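Order of appearance sets the numbers: ligands from 1, and atoms from 1 within every ligand. The figures that follow rest on heavy atoms only: side chains count, while hydrogens, waters and symmetry mates do not. Computed from a predicted structure; not experimentally measured.
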Amino acid sequence: MRYSLRVILLFQSTFLFSAVDCSSITIIGANYVGLVVAGVLIKCDHKVYCIDKDRDKIKLLKNKQIPIYEPHLQELLFKAPQDSLSFTDSLSEVPPGDLIYICVGTPSSSEGTCDCSAIYEVIDEIVSLKRNPKIICVKSTVPPGTHAKLKQYLMKKGLLSIKLVYNPEFMREGSALEDIMTQNPLVIASDSDKAKDDIEALYAPLRMKDIPVIKTSFETAEIIKYAWNAFSALRVTFVNEVAMLCKSLNANVFTVIQGVAQSERLLPTQVLKPGPGFGGSCFPKDTIAFTKVLEEKGFLSSLVHQAILSNKNHIQAIIRDIIGLLGKEPQQKTVAVLGLSFKANTDDIRNAPSVEIISALKKQGTCIQAYDPQAIPAMKRVFPDLIYCDSVYTAIQHADCILVLTEWEEIKNLDLARASQLCNTKVLFDMRNIYDPSLAKKYGFQLFNLGRQ
Ligand code: NAD
């Protein structure tokens, strides 16, 4: 195995710091994920009980055969000391322990929603057998919001002392062991900090390899897992669409990818930030032109089409939120718009979200006090009748809502204490996620941002 020596060394310190008793760990669901997790755990000299309700699978496993193909898994599981791993089809045959991993399947239902019933089945079984583990750690992939429901279910069933943890799995079939041991981030969610620490301690060797550890809320972890897969699917789909276009125009897809990959240098995924929608002279016009070429070649609903549509919807959703907040008499209200250019450090307002947003607010009769360090002359040509201000603070005076659209340095450095004294109503629409929510709260602002808690 390519990683074996490295991994053995790393795993020597595993579990040393764990506060839960991990002398035996129960894994429920013994297929792609459950067996790989079992392999990782027995590699650390822990006793693992694998449970699967599929008796044929258990029969195979008892005969030292794995029911799936995953490189190196067979030897990892069956070269371990004999008593370190056992298989059964019933939880009742396993001695009680502190830690239960849930690795059951969560397939699509007939409507396409995620069927989590197997997880509930497992919890019911834990209840009926009066098991009281310290931690139930879910590795199965579940839709955002599921753990809040699971927590309520545990409470309803009287399992009040059990700490629920979500530790989503990011392994890829075909390189699962390598992924878990050397690549994947460790995302751990729970209401209990101690339970998060306990699970982190299990993976101490991975931490030594500078693998990021993200400890967060259930909802954030659930979205990370879904967004991870969706983002990967989007990239694969995009490259397939580009390949078809290359095919129809006799271009070289490898060279195209080589070129496009360089865009990561200008817009690395790591620093992606949400905003009020893309604009400017290039993205809007070039994406539309690209869709025309794609349409000619038969791609009527390409990802590029969807990106344009999604951007439009995003701006409309922001407009709805602002208008909704202004209430019944928007014509009596004043909005301070901070930042007009489509991004900071340019005076370009072509296709800037500010144009569409201001236009919608004007239709409501709302008074606009606008400020931008560079883009006012350009905006005056589009909307001559706004109140243009010479500073952020003049724009904020007597405003019922502060709407931040561009992250110019001076807008980022807005003195929230001073701003709170100047405006009429302390409503802050931060469409660049630049203000610290606790600071905004400290100065009495009702803050609306884009997914920054
Ligand atoms: P799977 O469907 O292949 O295996 C699940 C196993 O759970 C099956 O063997 C099934 O018999 C067993 N099971 C179901 N209900 C049970 C019960 N009540 N008691 C005991 N056993 C039960 O699923 P998988 O591919 O191993 O994935 C498991 C979970 O992890 C899923 O939520 C999946 O989305 C997620 N995941 C999978 C991968 C992957 O590469 N396969 C990667 C990351 C996350």
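- Every protein residue with a heavy atom nearer than 4.0 Å to ligand 1 is included here: Ile28, Gly29, Asn31, Tyr32, Val33, Asp52, Lys53, Asp54, Lys57, Cys103, Val104, Gly105, Thr106, Ala118, Glu121, Val122, Ser140, Thr141, Glu169, Met171, Glu173, Lys225.
- Sorted by first then second residue, the side chain to side chain donor-acceptor pair (under 3.5 Å) pairs that include residues 146-156, not counting sequence neighbours, are Asp124-Tyr153, His147-Glu222, Lys151-Asp191.
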Indicate every side-chain donor-acceptor pair of residues 162-169 with a distance under 3.5 Å to a residue at least two apart or in another chain.
residue: Asn167; atom: OD1; partner: Lys139; partner atom: NZ; Å: 2.7
residue: Asn167; atom: OD1; partner: Tyr203; partner atom: OH; Å: 2.7
residue: Asn167; atom: ND2; partner: Val187; partner atom: O; Å: 3.0
residue: Glu169; atom: OE1; partner: Lys139; partner atom: NZ; Å: 3.2
residue: Glu169; atom: OE2; partner: Met171; partner atom: N; Å: 2.9

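- Sequence neighbours left out, the pairs with a member in residues 298-309 that pass side chain to side chain donor-acceptor pair (under 3.5 Å) are Glu295-His305, Ser301-Gln306, Ser302-His305.
- Side-chain atoms of Ser92 and Ser90 form a donor-acceptor pair, as typed in the model, at a separation below 3.5 Å.
- We find that Lys59 and Asp89 are not joined by a salt bridge, their nearest charged nitrogen and carboxylate oxygen being 4.0 Å or further apart.
- Not a single donor-acceptor pair under 3.5 Å links the side chain of Thr406 to the backbone N or O of Trp408.
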